[in-house]
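Below: the structure, in structure tokens.
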Amino acid sequence: MEKIRRDFTTRERIITITAACAALAAACRIFLLLRAEGSGYTMGIFPLAVCLGLYCLWKKALFLQEVFFSVPVRSLLAAAFTALQVIGLWWSNPGMETQVGGGEIFLWILCLTPLAFGGQNLLFSLWSHRGDWWAGTSRCRKEGKAFSPGKGFLAAFAVIMIGFMIPFITYYPAIMAYDVITQLDQIKISGYTTHHPLVHTLLLAFCLKIGEILPWVRNVDRAGLAVYSLLQMTVMSGSFAYVYVFLRRRHVNRYLCYFYVLCVAFYPTHGMLAVSVTKDSIYGVLVMLFAVWVYDAVTRSAGQELSRKWLAAYTVITVFLLLFRNNSVYAWVLFFVAYGVAMRKSSGYRKMMAVHVLSLLLYLALSLGLTRLTGATSATYAREMLSVPAQQIARVVAYHSEELTKEDYEKIEAVWGEGNLPEYVSAVADRSKRDILNDPEVLKNLASLWADLGSRYPGEYMKAFLLKCKGMWYLEDTSYLYDIYSYAKGYLQITYPSDQQEYIEALVPGYYRHQRLQLLQAVYRFFAAGDAVWRYIPFLAVVMQPAFYCYLLCGYALACIGRKRYRRLIPVVYLAALTGTLLLGPCVLVRYMYPIMLAITVLTLADLCPGERNGQSAAGSCPEEEEGRS
């Protein structure tokens, strides 16, 4: 209180004390309701957020002025964030949802918004003055020995590979996630399709062939899967090592770079995905590299030419980026348009546009060529794009069945089949859309039904959409840990259905996971299971949530706009578009969000570069930020 009397004016003192009391009253009410239904813990994020918000009030963060945006804009941002968290809390606790009405929810949002406003102001202020506080901690310019990119890459690569060897030995030869079942079926039985990225299925088939020709192995299937794991580990380790070199060249604090390498090497998420037979692992590092290359291109000065080697590497990364995810091309096309508009006055513009066109043509040629060469059929049904409307209709059927007319049920049967109703599970749309036939007349009936029910139940439509993607906006969401599939619970969904064990053995007769390292497997299981240890550590509980990286992406974009560095938004365009495809997808999974997690983390670290305090770019010269202001 002495600090308040000394540092605050009378007006500021009244506003601060009122805001703190209102927030504490709302928080106490929420804790009492949670305790009444036996869920007072809430992962520790909510109490942590309240404490941080009160600290920001104590630091006069409510009254900061020069923090990127005007007060009304910052107030709107804080209110929107608070509303999403409060609504997420409300919907995630059935007892609270039945006891609390919309009026009280609005009051909670009103009481808690000042905490979010103060925290947002403090974060924006730290970002705008990041050069000052980085200058006090960074010693990169005082190093007695110059950084060697080659040695740095090899050292980082070695450390990361050593870290990845732990889960590799633990789960030898590989972690078989549920998607790999259909890919193995394509390789061994039914023939290739384009439902999963064909290039990834062919890569898996190639590794299995390598296992068959190795002369010293007894079990060819296990050897082939081990080859795949080692290849994927190498690709990911090399990508992370390159990012380490990139960050060091950006003059990011070297100890932070060391910490980055250690996290990649030994934090279980990266290692487990490195030995998982899933397309998302390699695609994740491809997105990260693509964001780094684009960031490098848009922050170069006028005198820095793009070398042929740089352009060739960028082309290869772009082509594989498009090949490794079927829906990646939609996000990339939006990025291509944004780059063409924003960078039209920059040096090297024609080269980059030519490279983008070449990359697209190579992607189309390779995609068509591989499809014809393998005789792959198209198994991407129209229903794969119907996650949102199918989920919205299913919610209306589940909660308003008595209100629906005979005509409504006839339309539903015309889409889902006679006697069938869409199954509604709030966190995943696969069950609601699985019986939709890929027929033009059926899709026409679906569109008519969707429009009709939407005009009568707009609130249910909005709620169905928000609940489906709750993991991307609610920081304490746990639905993706439990409700996705009964056989794939947990943070990383590393299991497959127990009733398909015989099928797995038929596809790869020699596959079995050794059981020698039970202790390590128990540690990894505890990490990957729904009730994982990280949920009980508030800081880890935040950074492990997919929603955290969605807000980090938004915060990074807002910081670029606030600092008027619009060119740095260009790599964000691809990431935002990719996030949009996930919003329209069937569910929220960590492995789906993994590319966004990697890329936005690296962009944020690169933008905290202390060398830019004096206008230094990655190569030591001033980037053309002035053109971004025009």
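Computed over heavy atoms, backbone and side chain alike; hydrogens, waters and symmetry mates excluded.
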Can a donor-acceptor pair be found, under 3.5 Å and without considering hydrogens, that links the side chain of Q85 to the backbone of Y474?
no
Do R249 and D296 sit within salt-bridge range, that is, some charged N less than 4.0 Å from a carboxylate O?
no
Aromatic ring pairing F246/Y242, orientation class (parallel under 30°, perpendicular over 60°, tilted between)
parallel
Any side-chain to backbone donor/acceptor pair from W473 onto L466? Under 3.5 Å, distance only.
yes
Spell out, as yes or no, whether a donor-acceptor pair under 3.5 Å connects the side chain of Q545 to the backbone of T478.
no
Verify whether one side chain among T193 and Q186 offers a donor that lies under 3.5 Å from an acceptor in the other.
yes
Spacing of NZ belonging to K209 relative to CG belonging to L214, to within rounding of 0.5 Å:
13.0 Å
Here's a test for you: under side chain to side chain donor-acceptor pair (under 3.5 Å), which of T182, T201, T278, N326 qualifies with H196?
T182
Would you please test F335 and F290 for ring-ring contact (aromatic ring centres under 6.0 Å, His included) and show each step?
CA-CA 11 Å; F335 155 80; F290 180 74; 5.1 Å; yes
Side-chain donor-acceptor contact under 3.5 Å, Y574 with S328
yes
Does F206 CZ have over 12 foreign heavy atoms under 6.0 Å away?
no
Candidate pair F147 and R254, rule side-chain contact (heavy atoms from CB on, under 4.5 Å), full reasoning
CA-CA 10 Å; F147 172 67; R254 58 173 172 162; over 6 Å; no
Going by atom types only, do S426 and K468 share a side-chain donor-acceptor pair under 3.5 Å?
no
Can D430 and K433 be counted as an ion pair, charged N to O under 4.0 angstrom?
yes
Please determine whether a side-chain nitrogen of the Lys or Arg among D280 and R325 lies less than 4.0 Å from a carboxylate oxygen of the Asp or Glu.
yes
Parallel, tilted or perpendicular, as decided by the 30° and 60° cut-offs, for the rings of W310 and Y314
parallel
Heavy-atom closest contact (L289 atom, V243 atom, distance):
CD2-CG2, 4.3 Å
Do Q183 and K279 pass the side-chain contact (heavy atoms from CB on, under 4.5 Å) test, and can you show the C-alpha distance, the side-chain angles, and the key distance before you say yes or no?
CA-CA 11 Å; Q183 291 178 285; K279 60 185 179 294; 5.6 Å; no
